[in-house]
Enquirer: 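Take a look at the following structure, please.
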Amino acid sequence: MASPRLLRRCLFAALSAALVGSAAVGPARAQAAAPAAAAVTTFSDSFDGPAGAAVDSSKWTLETGDNVNNHERQYYTSGTRNAALDGQGHLVITARKENPAGYQCWYGSCQYTSARMNTAGRFNAQYGHVEARMKIPRGQGMWPAFWMLGTPVNWPDSGEIDVMENVGFEPSTVHGTIHGPGYSGSGGIGAGYTLPNGQAFADAFHTFAVDWAPDSITWSVDGNVYQRRTPADLGGKTWVFNKPFFLILNLAVGGYWPGDPDSSTQFPQQLVVDSVSVTTSDSAAGVPIRGLAGKCVDVAGANSANGTPVQLYDCNGTGAQQWTVGSDGTIRALGKCLDVTGNGTADGSTVQLWDCTGGPNQKWAVSAAHDVVNPQADKCLDVTGNNSANGTRLQIWTCTGGGNQKWTVG
């Protein structure tokens with residue numbers, strides 16, 4: 001179900017100003033694995049600092065004002081009353097039931113204060129793994145969000161990626177959505193993810209993420225993938241997600257979608273953010289992984305269908321050989337993951353391309369010794385039969401240190 005976030009042309013004074021202005025065997029090898037050279041953390045904030053301190057102004061701008069277009073009820077403030085560090089490695093965005101002194105909102109009187117912050121003018125993301133670990137508030141009328149806007153902002157034509165939105169009347173469900181020209185507001189394209197067994201997102205921290213490639217965006221919660229969108233999902237409308245976007249965190253109160261708070265909603269309410277990060281590859285489209293005879297890890301026929309074999313082939317620079325190594329342990333091409341077929345752990349289990357699921361058969365450790373190890377099986381990515389011919393299938397095998405198990409990323 002798409003999130004009907006309406007026109008956001010009210011970007012507030014602060015935002016406007018910002019926009020101007022194989023390996024040794026055994027567990028020891030997996031533990032010693034170094035981050036692959038292809039993985040680069042380009043933005044990170046773990047919100048360390050004393051209690052009551054402001055957010056890092058080199059990374060974030062606090063917006064001020066209200067949002068008439070969504071009929072939200074809050075006024076976003078500057079300073080630390082509504083956004084501050086808690087001294088325990090968290091950012092706390094607090095919504096309070098109070099009238100902001102000296103301000104009349106466009107949609108009647110503001111009844112609440114809160115905070116909204118962005119990285120515009122300080123950091124723009126373009127592709128990669130974008131995530132935030134957060135504990136959301138609870139209650140009717142609450143509307144927390146972690147999202148991105150295309151720059152320069154000309155909504156909806158410049159695009160919007162909602163990594164996570166929640167409305168208080170759905171305590172167990174979050175939404176991920178894209179908006180663009182002809183598919184914005186209630187016409188946004190997305191889906192929801194619901195926790196099992198009636199759990200509420202407000203009860204614990206959860207990690208909300210997108211994996212963003214040139215022609216695909218994949219959403220996950222706690223590593224569980226729940227949707228993937230490509231240009232084919234737009235029905236001929238324009239895909240506007242191949243350019244820089246900046247990050248936004250906010251806690252809205254009321255609006256068309258969540259409705260107003262009622263007598264059951266207790267204030268203050270808090271969005272607690274443990275960390276935000278963006279991890280990219282050295283190039284937007286990924287990098288080659290070279291092995292035996294200088295040949296590349298290749299998706300057969302550049303076919304992104306589930307179950308497509310992964311093989312050794314002459315390096316040719318196509319998308320079928322452009323891989324990103326993520327901080328979550330996945331290795332991805334064509335918007336999907338390098339996967340051990342059937343969750344196998346035995347010698348000779350083949351590898352293939354498959355939708356990213358967060359499963360252990362899609363986790364890999366790339367070591368400084370040029371091994372690519374599946375920790376679940378404790379086996380190495382291996383060229384079958386030590387055969388360097390084009391089309392030789394890749395598999396996992398007990399790590400021997402042979403040349404058919406050695407790989408260079410990038």
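Please read these numbers as outputs of a predicted model, since none were measured by experiment. Below, all heavy atoms of this structure are taken into account, side chains as well, without hydrogens, waters or symmetry copies.
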Enquirer: Once rounded to the nearest 0.5 Å, what's the spacing between atom CD of E170 and atom CD of E165?
Expert: 11.0 Å

Enquirer: State, to 0.1 Å, how close A191 and R229 come at their nearest heavy-atom pair, and which atoms those are.
Expert: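 The answer is CB-NH2, 4.2 Å.
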
Enquirer: Using the side chain to side chain contact (heavy atoms under 4.5 Å, CB included) rule, pick out the option among T392, D382, L394 that qualifies with N404.
Expert: D382

Enquirer: Please say whether more than 12 non-hydrogen atoms of neighbouring residues, nucleotides or ligands are located less than 6.0 Å from CD in Q266.
Expert: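 No.
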
Enquirer: Within the distance-only criterion (no hydrogens, no angle test), does the side chain of Q140 pair as donor or acceptor with the backbone N or O of P258 below 3.5 angstrom?
Expert: yes

Enquirer: Could you tell me which non-hydrogen atom of P244 sits nearest to which non-hydrogen atom of N124, and how far apart they are?
Expert: CB-CB, 3.7 Å

Enquirer: Decide, yes or no, whether a salt bridge links E98 with R81 under the criterion of side-chain N to carboxylate O below 4.0 Å.
Expert: yes

Enquirer: Do the non-hydrogen side-chain atoms of R290 and C296 ever get within less than 4.5 Å of each other?
Expert: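 Contact flag for R290/C296 side chains = yes.
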
Enquirer: Can a side-chain donor-acceptor contact be found between Q395 and R393 if the only test is distance below 3.5 angstrom?
Expert: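 Checked: R393/Q395 side chains show no N/O donor-acceptor pair below 3.5 Å.
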
Enquirer: Counting N and O atoms only, with roles assigned by atom type, does the side chain of K379 sit under 3.5 Å from a partner on the main chain of N374, one being a donor and the other an acceptor?
Expert: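 No.
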
Enquirer: Of the options M148, M117, R116, which is the one that meets I248 in a side chain to side chain contact (heavy atoms under 4.5 Å, CB included)?
Expert: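 With I248 as partner, side chain to side chain contact (heavy atoms under 4.5 Å, CB included) holds for just one option, R116.
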
Enquirer: F208 and F146: aromatic ring centres closer than 6.0 Å?
Expert: no

Enquirer: Using the rule side chain to side chain contact (heavy atoms under 4.5 Å, CB included), only one of V299, D298, N390 pairs with Q311; which is it?
Expert: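 With Q311 as partner, side chain to side chain contact (heavy atoms under 4.5 Å, CB included) holds for just one option, D298.
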
Enquirer: Between N361 and W354, do the side chains contain an N or O donor and an N or O acceptor separated by less than 3.5 Å?
Expert: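 Not at all, the side chains of N361 and W354 share no donor-acceptor pair under 3.5 Å.
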
Enquirer: Kindly indicate, with the supporting measurements, whether the criterion ring-ring contact (aromatic ring centres under 6.0 Å, His included) is fulfilled by Y193 and H206.
Expert: CA-CA 12 Å; Y193 176 87; H206 295 273; 8.6 Å; no

Enquirer: Using the rule ring pair (Phe, Tyr, Trp, His ring centres under 6.0 Å), only one of W219, W239, F241, F245 pairs with W212; which is it?
Expert: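 Filter result, single survivor: F245.
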
Enquirer: How many angstroms lie between atom OH of Y226 and atom OG1 of T357, to the nearest 0.5 angstrom?
Expert: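 Y226 atom OH to T357 atom OG1 measures 16.0 Å (nearest 0.5 Å).
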
Enquirer: Main chain of S158, side chain of K243: is a donor-acceptor contact present, judged purely on distance under 3.5 Å?
Expert: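 Such a contact is found between K243 side chain and S158 backbone.
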
Enquirer: Atom CD in E72, atom OH in Y112: separation rounded to 0.5 Å?
Expert: 13.0 Å

Enquirer: More than 12 heavy atoms of other residues, nucleotides or ligands under 6.0 Å from OH of Y183: is that the case?
Expert: yes

Enquirer: Heavy atoms only: give me the nearest A300-T308 pair and the separation to one decimal.
Expert: O-CG2, 3.3 Å

Enquirer: So, for T64 and S78, which heavy atoms are closest and what is the spacing to 0.1 Å?
Expert: CG2-N, 3.7 Å

Enquirer: When rounded to the nearest 0.5 angstrom, what is the spacing between CG in L149 and OG1 in T119?
Expert: 10.0 Å

Enquirer: Under 3.5 Å, is there a donor-acceptor pair between the D162 and H179 side chains?
Expert: yes

Enquirer: Any chance you could lay out the side-chain contact (heavy atoms from CB on, under 4.5 Å) test for L91 and D45, step after step, and finish with the verdict?
Expert: CA-CA 10 Å; L91 161 69; D45 199 339; over 6 Å; no

Enquirer: What's the separation between atom CZ in F205 and atom CZ in R133, rounded to the nearest 0.5 Å?
Expert: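 Atom-to-atom, F205:CZ and R133:CZ are 6.0 Å apart.
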
Enquirer: Less than 4.5 Å apart, side chain to side chain, heavy atoms only: is that true for W407 and V366?
Expert: no

Enquirer: Spell out, as yes or no, whether a donor-acceptor pair under 3.5 Å connects the side chain of S367 to the backbone of A369.
Expert: yes

Enquirer: For the side chain of K135 and the backbone of Q270, is there at least one donor-acceptor N/O pair under 3.5 Å apart?
Expert: no

Enquirer: Is Q321 reaching over with its side chain to a backbone N or O of T318, donor-acceptor style, under 3.5 angstrom?
Expert: no

Enquirer: Taking side chain as C-beta onward, heavy atoms only, is M134 less than 4.5 Å from L249?
Expert: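 Counting from C-beta outward, M134 and L249 do come under 4.5 Å.
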
Enquirer: Could you check if a side-chain atom of W323 sits within less than 4.5 angstrom of a side-chain atom of V409, using non-hydrogen atoms only?
Expert: no

Enquirer: Do V310 and V297 pass the side-chain contact (heavy atoms from CB on, under 4.5 Å) test, and can you show the C-alpha distance, the side-chain angles, and the key distance before you say yes or no?
Expert: CA-CA 7 Å; V310 175; V297 177; 3.5 Å; yes

Enquirer: Under a 4.5 Å cut-off applied to non-hydrogen side-chain atoms, are N343 and P360 in contact?
Expert: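 Of all side-chain heavy-atom pairs linking P360 with N343, at least one is under 4.5 Å.
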
Enquirer: Please check: side-chain N/O of S349 versus main-chain N/O of A346, any donor-acceptor pairing under 3.5 Å?
Expert: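 Indeed, once roles are kept as given, a pair shorter than 3.5 Å links the two residues.
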
Enquirer: Do I331 and V372 have side chains that get closer than 4.5 Å, going by heavy atoms?
Expert: yes

Enquirer: Judged by atom type as modelled, is there a donor-acceptor pair below 3.5 Å linking the side chain of Q74 to the main-chain atoms of V253?
Expert: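 Looks like yes, one N/O pair under 3.5 Å.
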
Enquirer: Partners of R332 by side chain to side chain donor-acceptor pair (under 3.5 Å), sequence neighbours excluded?
Expert: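 Residues passing side chain to side chain donor-acceptor pair (under 3.5 Å) with R332: D211, D328, T330.
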
Enquirer: Between T230 and D215, does any side-chain donor sit less than 3.5 Å from a side-chain acceptor?
Expert: no

Enquirer: I would like to know whether K406 and D371 meet side-chain contact (heavy atoms from CB on, under 4.5 Å); could you show each step before the answer?
Expert: CA-CA 5 Å; K406 294 298 181 181; D371 308 303; 2.8 Å; yes

Enquirer: Output, in order, the C-alpha distance, side-chain angles, deciding distance and verdict of side-chain contact (heavy atoms from CB on, under 4.5 Å) for Y127 and T324.
Expert: CA-CA 10 Å; Y127 312 127; T324 58; over 6 Å; no

Enquirer: Hey, does the side chain of W364 reach the backbone of L338 with a donor-acceptor pair shorter than 3.5 angstrom?
Expert: yes

Enquirer: Return yes if a side-chain donor-acceptor contact under 3.5 Å exists between T350 and T341, otherwise no.
Expert: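 On atom types as modelled, these side chains qualify, holding a pair under 3.5 Å.
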
Enquirer: Between the main-chain N or O of Q88 and the side-chain N or O of D86, is there a donor-acceptor pair closer than 3.5 Å?
Expert: yes

Enquirer: Side chains of N250 and W147: any donor to acceptor distance under 3.5 Å?
Expert: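 There is such a pair (donor and acceptor under 3.5 Å, judged by atom type) between the side chains of W147 and N250.
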
Enquirer: Counting only heavy atoms not in K97, do more than 12 sit closer than 6.0 Å to its NZ atom?
Expert: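 Counting other residues, nucleotides and ligands, NZ of K97 stays at 12 neighbours or fewer.
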
Enquirer: Taking 4.0 angstrom as the limit, do D203 and R138 come out as a salt bridge?
Expert: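 Yes, this pair counts.
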
Enquirer: Taking all heavy atoms of P375 and all of V373, pick out the closest pair and write down the distance.
Expert: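 Result for this residue pair: CD-O, 3.1 Å.
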
Enquirer: Just jot down the side chain to side chain contact (heavy atoms under 4.5 Å, CB included) partners of A53, sequence neighbours excluded, or say none.
Expert: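 P50, L85.
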
Enquirer: Check A115 against I93 and note the closest heavy-atom contact, atom names and distance.
Expert: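 For A115 versus I93, the nearest heavy atoms are O-CG2, 3.6 Å.
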
Enquirer: Rounded to the nearest 0.5 Å, what's the gap from CG on N82 to CG on L271? Could you check?
Expert: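 N82 atom CG to L271 atom CG measures 12.5 Å (nearest 0.5 Å).
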
Enquirer: Among residues at least two apart in sequence or on other chains, which ones pass side chain to side chain donor-acceptor pair (under 3.5 Å) with S58?
Expert: D56

Enquirer: Are side-chain heavy atoms of Y76 and L62 found at a separation under 4.5 Å?
Expert: no

Enquirer: Considering only heavy atoms from C-beta outward, does the side chain of V174 approach that of V221 to under 4.5 Å?
Expert: yes

